[in-house]
Amino acid sequence: MTAGRNATILQVAVPCPIPGTFDYRAPADFTGTVAPGQRVQVPFGRRQVVGVLVGCSDTSALPENKLRRATAILDESPLLSADVLELARWAADYYHHPIGEVFATLLPTALRQGKPARRRPPEAWRLTEAGRAISIASLGRRAPRQAALLEQAADAAAEGVTAETLRDTGGDWRTALNALVEKGLLEACPPPRTRPTPERPSLNEEQQAACDALMDMVESHGVALLDGVTGSGKTEVYLRVIADVLQRDRQVLVLVPEIGLTPQLVRRFRQRLPGRLVSLHSGLSDGERLDAWLAAATGEADVIVGTRSALFTPLARPGLLVIDEEHDLSFKQQDGFRYHARDLAVVRARRLGVPVVLGSATPAMESLHNAERGRYQHLRLTRRAGVAQPPTVHLLDLRGQRLTAGLSEPLIARMRKNLEEGGQSLLFLNRRGYAPVLLCHDCGWVAECPRCDARLTWHQAANRLRCHHCGHETMVHRQCGDCGSIDLRPIGQGTEQLEQTLESLFPDVPIARIDRDSTRRKGAMEHLLARARSGEARILLGTQMLAKGHHLPDVSLVGLLDCDQGLFGTDFHGSERMAQLITQVSGRAGRAQRPGEVLLQTHHPEHPLLQLLLRDGYPAFARACMEERAAALLPPFSHLALLRAEAVQPEAPRQFLQAARELAASVAAREVGIMGPVPAPMERRAGRYRAQLLLQCRTRKPLHITLSRLGEALQTLSAARRVRWSLDVDPQEMI
DNA sequence: AGCACGCCGACT
DNA sequence: GTCGGCGTGCTC
């Protein structure tokens, strides 16, 4: 697909929700070269937009007089590599999403806005003579940012601390840096080329075997599912293989879940890996993100660590893709272009001819299925690395138990004993705020969100009622909205209340609460985790946030306050999620010398899946789950697509989907099942009514064909104007 | 998605 | 008499 000498027609993907590309003539005075992957500024309707050139041609389906001239070619050479162009095209086709919007989501903001693709020169700073002499403590509390920066510079010593390292933490570090340079404590220095490889911990037999298998793959390609129990040392395996790839002068792209990308993780990677590492996290400014992206594209960066969207980063010399915690939901984009980064990583790696490693302690059913069918190489790590012992796990039957803010007596007793023994306790509660319901004791009225089918959560500290689904927020009513009674009572408990109760149950015991509210401030998460790791905090409590990958060596007791969510949900993914959560959470217990204990509070201790998970572990659960899925013809034994619709008018989504259903039925392949339309599990959200139509098929092909035809037909459906609709291929949640 | 055109209600 | 509501159409 290269530009021919006479190629005059530019095929441009334009950021708008119309499928297909748009043809343009080259700019009037244009003498340079054109090649797919360059950005083009084009007139589009009445405005100017930035599109991506995806091809050139001598001819157009449109008459000459309909074609307009491109305004400018924005890049001298292609910005996107051929493989990313191919991937975007493939993804647009697979997810039935307009190609222009696919490019709009994969380009960094600065490039989407037409800014020049110029990379800032790499920078680094080191301590001056005066800087080495100064006591960091003297900067003290007055300038914590400056103090932290000096400390980093001291750690980096003569090599200097790089801009890339400073960006890991996010936020404004420039101001502090400039101040320190001004004071003569720091000076610019040439950025270090490579870092010495530090010593490596030894591997156990399983880790070694996994490493060997992966290194064999590096020679060729393929997909490996690295299925390792928590604490089995998956990261060590990644590090070895990555180092091996780096040695071959190839780049490595590492994708991690959204909350998994912490400065702590990046620091560990930096310490262990030679070469240049850039991280692509949400705390970067547009300019910083562009810089990191270009470093990857030009090949200046050797390791790229990022979340979902980093998958589309061009790589000059690709060698390996790693998807850590591959089962994590955050790899699937939940709006707009609903791609799954893990699935696309497999596609991209195959096209690049490089291996891809999917790592998890609790693999997704899809991945296990692929491993079973021999599509993926299944590498297992069954033993905890080092001296770590597996924890003991018990169910606590909540039926008839007296509860204190959701804590059963046995759990409180175990926590007390654990604290006495000097252990650290970790409690999970998947509900933030003080109480999920505020009830009028006189008439039964409850505070509800005016825009959603949901209750408002009472946040005591802020004294606000908040909707966790749409962000709606109000002052706490002094009186009942219905009868005027002032007897309003919080029902149920969230992390805020749990923290308060724990403070009174265990006075003088330092507690750290980690949830979205307590970590909203920049660096708050790091600070709380540091308190947890240092052992200063004896009780840690939090939401799912706390379940992901943080290394907390002293935790010896883990309590899951409510593991019944997901057991009886509407979404068939529910039990898989529950098992993953329980397993991940349990893995937090007893990672070091201390054997851990896990207590699961439940009202359904007899639930077969729960029993199975406890008795025989995640693999056994997965087999049972798989059998259920096979019997019900659910994924991975069939393929799903969801047509979602929402509108302010209550009836519009259903009317649209009914019309869509008829359309689908008329174009559908024989094998495709159509179900619905049905209201979404939460029908009203953020003031919009939502409904969905489900399409299902044993094999991918007929479903895909049906979706293509349906997508096309929907473009011209008049009812489509009255709703916001989207197609979700391989939906991960039915919300 | 944006943006304009166009045709009906309550305001200066 | 106009300002502005959102239905409809179009973007190479």
Backbone N/O of A:L344 and side chain of A:R348: donor-acceptor pair under 3.5 Å: no
Taking the side chain as every heavy atom from C-beta outward, state whether A:D328 and A:Q580 have any atom pair closer than 4.5 Å. no
A:F44/A:Y24 under ring pair (Phe, Tyr, Trp, His ring centres under 6.0 Å): CA gap, chis, key distance, verdict: CA-CA 10 Å; A:F44 191 65; A:Y24 287 89; 7.5 Å; no
If you define the side chain from C-beta out and look only at heavy atoms, does anything of A:I9 sit under 4.5 Å from A:S60? yes
Backbone of A:L633 reached by a side-chain donor or acceptor of A:S638 within 3.5 Å: yes
Please identify the 5'-most and 3'-most nucleotides of DNA chain B with any atom under 4.0 angstrom from a heavy atom of chain A. B:dA1 to B:dA4
DNA chain B-proximal residues of residues 37-52 of chain A, any heavy atom under 4.0 Å: A:R46, A:R47
With a 4.0 Å cut-off on heavy atoms, is A:L62 in touch with a base, just the backbone sugar-phosphate, or nothing at all? base
Just how far, in rounded Å, is P of C:dC12 from NZ of A:K66? 9 Å
A:E288 side chain to A:S285 backbone, donor-acceptor under 3.5 Å: yes
Look at the side chain of A:D728 and the backbone N and O of A:L643, then say whether any donor-acceptor pair between them is shorter than 3.5 Å. no
Answer yes or no: is there a donor N or O on one side and an acceptor on the other, between the side chain of A:H639 and the main chain of A:Q696, under 3.5 Å? no
Output a table of nitrogen or oxygen pairs between the protein and nucleotides 6-10 of chain C separated by less than 3.5 Å.
none

If you look only at pairs with a residue in residues 660-676 of chain A, which of them pass as a side chain to side chain donor-acceptor pair (under 3.5 Å), with sequence neighbours excluded? A:Q658-A:E662
Would A:D730 and A:Y94 count as having a side-chain donor-acceptor pair, cut-off 3.5 Å? yes
Keeping A:S330 on the side-chain end and A:E258 on the backbone end, is there a donor-acceptor pair under 3.5 Å? yes
Near DNA chain C, under 4.0 Å by heavy atom, which residues of residues 13-24 of chain A? A:I18, A:F22, A:D23, A:Y24
Any side-chain heavy atom of A:R25 within less than 4.5 Å of one from A:T8? no
Selection residues 26-43 of chain A - residue pairs positive for side chain to side chain donor-acceptor pair (under 3.5 Å), sequence neighbours left out: A:R39-A:D75, A:Q41-A:Q48
